[in-house]
Amino acid sequence: MSENGKDKLIKLPANITVRDLAKTISVSPIEIIKTLMANGVMANINQNIDFDTAAIVAAELGYEVALETPEAVEVTDEGEIPLWKKLIEQEDKAALVKRPPVITILGHVDHGKTTLLDAIRHTSVAAREAGGITQHIGAYQVRHNDQVLTFLDTPGHAAFTAMRARGAQGADIVVLVVAADDGVMPQTREALAHARAAKVPIIVALNKIDRPNANPERVKQQLADEGLVPDEWEGDTIVVPVSAKEKIGLEDLLEAILLVADEMEIHANPAGRVIGSVIEARRERSRGVVATLLVQNGTLKVGDTVLAGTAYGRIKAMFDFTGKRVQKAIPSMPVSVMGLNDVPEAGELFQVVSSEKQARAIAAERKQKQRQEAQTAARNVTLEKLFEQFQAGEVRELRLIIKADVQGSLEPIISSLNDLNVENIGVNILHTGTGNIGENDVMLAAASKAVVIGFNVQPDAAAQRLAEAEGVSIRLYNIIYRLIEDVEKALKGMLEPEEKITVIGKAEVRATFKIPRLGKVAGCYVTEGELRRNAKVRVVRDGEVIFDGEMASLKHHTEDVREIRQGFECGVGVKGFDQFKVGDVIECYTTELVPVA
């Protein structure tokens, strides 16, 4: 390449329009379209072409091309502090101002979360807003004592944890709703575990105090047993008696929220980098993609180009929680926006970028990265990997979620695990409970990078599917000392990978045949799953394995096949074995080495 050629080096994004390409290399769009046609590509001036196509066109016009690496905030975060908070910490300290606290409400089903949200919303908003609430957008603001509070209208720890799992963690304060007539229930404990894992302050709203069978003192004792000692008992948890139905105690609850918020450093820079979280998003027939965004730093304006995951677009219109059109949104303000090209996931972090061109390039890069990640193995959080992360300085504790068959089993397990402490790695038990492992346990583990341990219990089908999808490790035991021993070994980094055998199919031998060059083969009927030619097999006779080896051949009638499923007949040859008998069972299985978890 000549010196002159080096001067013509240009960088192009992963996707670019014909118009932008023409502008970049200073030629007429007609010239670009002609070159594309000569290469068999028909495109108009506004059409997107990929990098490879653009590179061919640019090369023919005398340019050397490189792929542009766009700059953007990376939205994945493995640390304790949410990414948006880390970004705010990078802002000029002198420019930081106080912003309204963001509150989410969690608790057991039927304990009054939704009723409490509605009571706060209508008491504090309807009287001040003409026409009341005209649009529900998943978040709203109330004013109390001339201070603004933002509530995320997504009751339930599942939604809360989904946000936290994606690095958003939009809430500054959690209000845990507990019914005074029902007390602490399994979902209360789960919600508490989620709030503690997020490391946010907790206020307890003791609801339904108007009920005749309400027993606040009993519930306070239950809360104390869970580590939430009421402040009136010289603890550090504010417990506010309320009745959402009768509108009792709502003022006290709002006062408590403001009190906790005043003790926290809840700041943002309205003039800084615009970042925030996606609360919810949907596609409407008449308006296209509508997304509810919570601004956490900077000021979002109509006309800004927003990037959220792989969705992007220029904001065409923006509405506050009452449905009123607004031109800008300051920190802690929830808004509904139109203009994104796709529906982003709840919990995604969004940011404002300089142009749609840059947003398109970053989104294309992220999609490519997602495709590559989808082709790799799941990101299992195993005990062994957690130890490796500790050695690299990434973690300081081993987080566990423990489920057991009965309370009597839980107590010695928890006591023994709490006594373990190896090389300054502590055991942090995020949540315990009795009964089988459910979806909520797996969701908490996914969000908290924890391992689920079960004692004399099993994961239900939905939990197992979610664990496989999220890469969460579930470890099952029926002997306590082995459970404790494995955790201790993990803390010492001593766990060896174990061989996992998965039986994928079984077939019953119904006849034997002698085949030239193959020897004796078994005529079988597949009773379960499927047989695969490239898998291992073992021959079982009268309940005992008499041979373990590899499959030599698999035929359906006279045709060689790669696999054969349940309900079909087949011929099976096994390497090094031909002593088949009618009634033998051939088990087809796969093996893999997996780290002990």
Side-chain angles (χ1 to χ4, degrees), residues 374-380 382 436-439 442 452 454 456-478 496-597:
Q375 293 168 0
T376 60
R379 57 196 186 289
N380 289 359
T382 64
N436 281 338
I437 296 162
E439 279 185 289
V442 175
V452 181
N456 283 340
V457 294
Q458 294 292 324
D460 59 38
Q464 190 69 56
R465 286 194 299 272
L466 184 62
E468 289 169 5
E470 294 292 334
V472 170
S473 180
I474 298 176
R475 186 72 175 165
L476 305 176
Y477 297 89
N478 53 20
E496 296 292 331
E498 63 180 17
E499 187 175 66
K500 180 183 177 184
I501 295 176
T502 304
V503 176
I504 58 173
K506 293 181 182 180
E508 181 185 325
V509 177
R510 295 191 171 177
T512 60
F513 306 96
K514 196 155 189 173
I515 306 292
R517 292 182 298 158
L518 289 179
K520 201 172 185 182
V521 298
C524 303
Y525 177 80
V526 183
T527 56
E528 291 180 30
E530 63 182 21
L531 302 191
R532 296 181 195 161
R533 193 172 60 196
N534 60 350
K536 293 183 178 181
V537 292
R538 50 193 182 195
V539 182
V540 181
R541 183 174 297 163
D542 299 327
E544 291 184 13
V545 177
I546 61 170
F547 186 82
D548 194 331
E550 296 178 8
M551 191 178 291
S553 62
L554 182 64
K555 288 181 178 286
H556 182 54
H557 300 303
T558 58
E559 183 184 350
D560 284 313
V561 291
R562 297 181 65 176
E563 60 185 44
I564 191 107
R565 296 185 179 180
Q566 179 179 345
F568 290 90
E569 294 179 337
C570 60
V572 176
V574 176
K575 289 180 184 177
F577 182 84
D578 63 358
Q579 302 302 308
F580 297 107
K581 287 187 177 179
V582 174
D584 287 349
V585 173
I586 295 177
E587 290 185 347
C588 189
Y589 68 93
T590 59
T591 62
E592 60 175 330
L593 283 176
V594 295
V596 177

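Values reported hereafter were calculated over all heavy atoms of this structure, with side chains retained and with hydrogens, waters and symmetry mates removed. Numbering starts at 1 and runs along the sequence shown.
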- Task: Decide if atom CG of Asp560 counts as having more than 12 heavy atoms of other residues, nucleotides or ligands within a radius under 6.0 Å.
- Result: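 Counting other residues, nucleotides and ligands, CG of Asp560 exceeds 12 neighbours.
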[X] side chain to [Y] main-chain N or O, any donor-acceptor pair under 3.5 Å?
| X | Y | value |
| --- | --- | --- |
| Asn436 | Gln458 | yes |
| His556 | Glu569 | yes |
| Thr527 | Lys506 | yes |

How far does [atom1] of [X] sit from [atom2] of [Y], to the nearest 0.5 angstrom?
| X | Y | atom1 | atom2 | answer |
| --- | --- | --- | --- | --- |
| Ile546 | Phe577 | CD1 | CZ | 4.0 Å |
| Asp578 | Thr512 | CG | OG1 | 10.0 Å |
| Thr502 | Lys536 | OG1 | NZ | 12.0 Å |
| Cys524 | Ile586 | SG | CD1 | 4.0 Å |
| Glu550 | Arg533 | CD | CZ | 13.0 Å |
| Arg510 | Tyr525 | CZ | OH | 6.5 Å |

- Item | Side-chain touch Val545/Val539, heavy atoms, less than 4.5 angstrom | no
- Query: Would a 4.5 Å heavy-atom cut-off, applied to side chains only, mark Val526 and Leu531 as touching?
  - Reply: yes
- Evaluate the side-chain contact (heavy atoms from CB on, under 4.5 Å) criterion for residues Val472 and Leu466: first the C-alpha distance (whole Å), next the side-chain angles of each, then the deciding distance (0.1 Å), finally the verdict. CA-CA 8 Å; Val472 170; Leu466 184 62; over 6 Å; no
Taking every non-hydrogen atom, the tightest pair across [X] and [Y]:
| X | Y | value |
| --- | --- | --- |
| Ala535 | Ile504 | CB-CD1, 4.2 Å |
| Cys588 | Glu530 | CB-O, 4.1 Å |
| Phe547 | Val574 | CE2-CG1, 3.6 Å |
| Glu587 | Val540 | CD-CG2, 4.0 Å |
| Pro459 | Gln464 | CG-OE1, 3.1 Å |
| Glu563 | Leu554 | CA-CD2, 3.9 Å |

- Message: The criterion is salt bridge (charged side-chain N to carboxylate O under 4.0 Å, His left out); which residues satisfy it with Arg541, sequence neighbours excluded?
- Response: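 Per chain and number, Arg541 pairs via salt bridge (charged side-chain N to carboxylate O under 4.0 Å, His left out) with Asp584.
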- Test side-chain contact (heavy atoms from CB on, under 4.5 Å) applied to Ser473 and Val452, step by step: CA-CA 6 Å; Ser473 180; Val452 181; over 6 Å; no
- Start with the C-alpha gap between Val561 and Lys555, add the side-chain angles, then the distance that decides, and say whether side-chain contact (heavy atoms from CB on, under 4.5 Å) holds. CA-CA 6 Å; Val561 291; Lys555 288 181 178 286; 5.8 Å; no
- Measure from NZ or CZ of Arg538 to the centre of the six-membered ring of Tyr589 and say whether it is under 6.0 Å with the direction within 45° of the ring axis. yes
